[in-house]
Amino acid sequence: MPTAAMILAVFFWASSLNANKALVATLSVTEVAGTRFALGALVIWSLVLITRQRVNIRSLDKRILLMGFLEPGLVSVLVIWGVTLTTATHAIILWSMMPIIQPVLGRLVLGEPMSRVVVIASLIALAGSLILVSGSLSSPAASIEGDLLCLAGVLCACLNQLAARRVATGGTSNPFVITAFQLTLALIFILGVMVFIERPDITLDQQGDTAYMLLAYAGLAGSAGPFLLYNYALRHMTVGRISLFIPLTAPIGAAIAWALLGEELQWFEFVGLAVIVTAVFLPLLSEQRRRQARRLA
């Protein structure tokens, strides 16, 4: 179930990328992010009420406050801002570093085992990402400022994952409550950025039906669904294993664009996809082999 949850979460994140890209063409970054988080928080809080989940603010793990601020709050701002100054290719490469960083941080901060198979799978995932973007590594549109912003977003996501793992395994909150507070705090952060930093001309009320449908999808598939699944998976998997799924976002997004939008994929992109998928499932296959060996012993 945790593996299926992460695959579905990554699919949601990947499928919402095209919606976000289309929305940013007519709306400000904070309008898109704020609407996404507001809709996502509304959906999750509704589920909390419908399923009668227990919410005890006094016993709430204070690290959830950090989670909402870091991701999706600060990460969204840094990455979207960074991509406007550099290429999506460079952003993909930087995000592919997460499976390399997280096993080490998981070991140092959380004391989680750093298995050999996860380290090997992380290197394979990085190789797959490099293959995926090999056709456009050099671009005049890239800049060191944009790359640094994207790298800062990756580091914030790593820190959030460490905090989320602590919260998820602490037993004080369930995934519904964690996600509800996380999205609510992210919304507060984005509203602060909107009021004090970006100060955009609000044009949300001037959009057509297509934009509203895209916003609804981005709220559900880009916020509510994936973060709920992500927080559930963190209760059962180490941060090293979880981070292996992140590079899947790029190839899945490319495959969706190919299937629905008719965008062409080159042969090396299919190879990159195959390599990344192999990396994601390598630890799972290794674990199944160990279980079978124990049964036969």
Which residues share a ring pair (Phe, Tyr, Trp, His ring centres under 6.0 Å) with [X], sequence neighbours left out:
X      : answer
Phe245 : none
Phe189 : Phe69
Phe227 : Trp13

*State which residues pass side chain to side chain contact (heavy atoms under 4.5 Å, CB included) with Leu47; sequence neighbours excluded, sorted by chain then number.*
Val43, Ile44, Phe176

*asked:* So, using side chain to side chain contact (heavy atoms under 4.5 Å, CB included) as the criterion, who are the partners of Leu8 when residues are at least two apart?
replied: Phe12, Leu229

*Can you list every pair that meets salt bridge (charged side-chain N to carboxylate O under 4.0 Å, His left out) and has a residue in residues 110-121, with sequence neighbours left out?*
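Residue pairs with at least one partner in residues 110-121: Glu112-Arg165.
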
Sequence neighbours excluded and cut-off under 3.5 Å, please list the side-chain donor-acceptor pairs for residues 154-164, or say none.
residue: Asn160; atom: ND2; partner: Glu71; partner atom: OE1; Å: 3.0
residue: Gln161; atom: OE1; partner: Gln102; partner atom: NE2; Å: 2.8
residue: Gln161; atom: NE2; partner: Tyr230; partner atom: OH; Å: 2.9

*Are Leu65 and Ile188 connected in a single hydrophobic cluster, I mean Ile/Leu/Val/Met/Phe/Trp/Tyr linked by side-chain heavy atoms less than 4.5 Å apart?*
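Yes, one cluster joins them.
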
Residue list, side chain to side chain donor-acceptor pair (under 3.5 Å) with [X], at least two apart or on another chain:
X      : answer
Gln53  : Thr51, Asn174
Tyr217 : Ser15
Thr30  : Ser28, Glu198

*Say you draw a straight line from CG of Leu187 to OG1 of Thr35; how long is it, rounded to the nearest 0.5 Å?*
9.0 Å

*Residue pairs passing the side-chain hydrogen bond (donor to acceptor under 3.5 Å, both in side chains) test where at least one lies in residues 271-280, sequence neighbours excluded*: none

*Answer yes or no: does atom CZ of Phe11 have more than 12 heavy-atom neighbours from other residues, nucleotides or ligands under 6.0 Å?*
no

*Could you note down all residue pairs passing ring pair (Phe, Tyr, Trp, His ring centres under 6.0 Å) where residues 98-126 supplies at least one of them, sequence neighbours left out?*
none

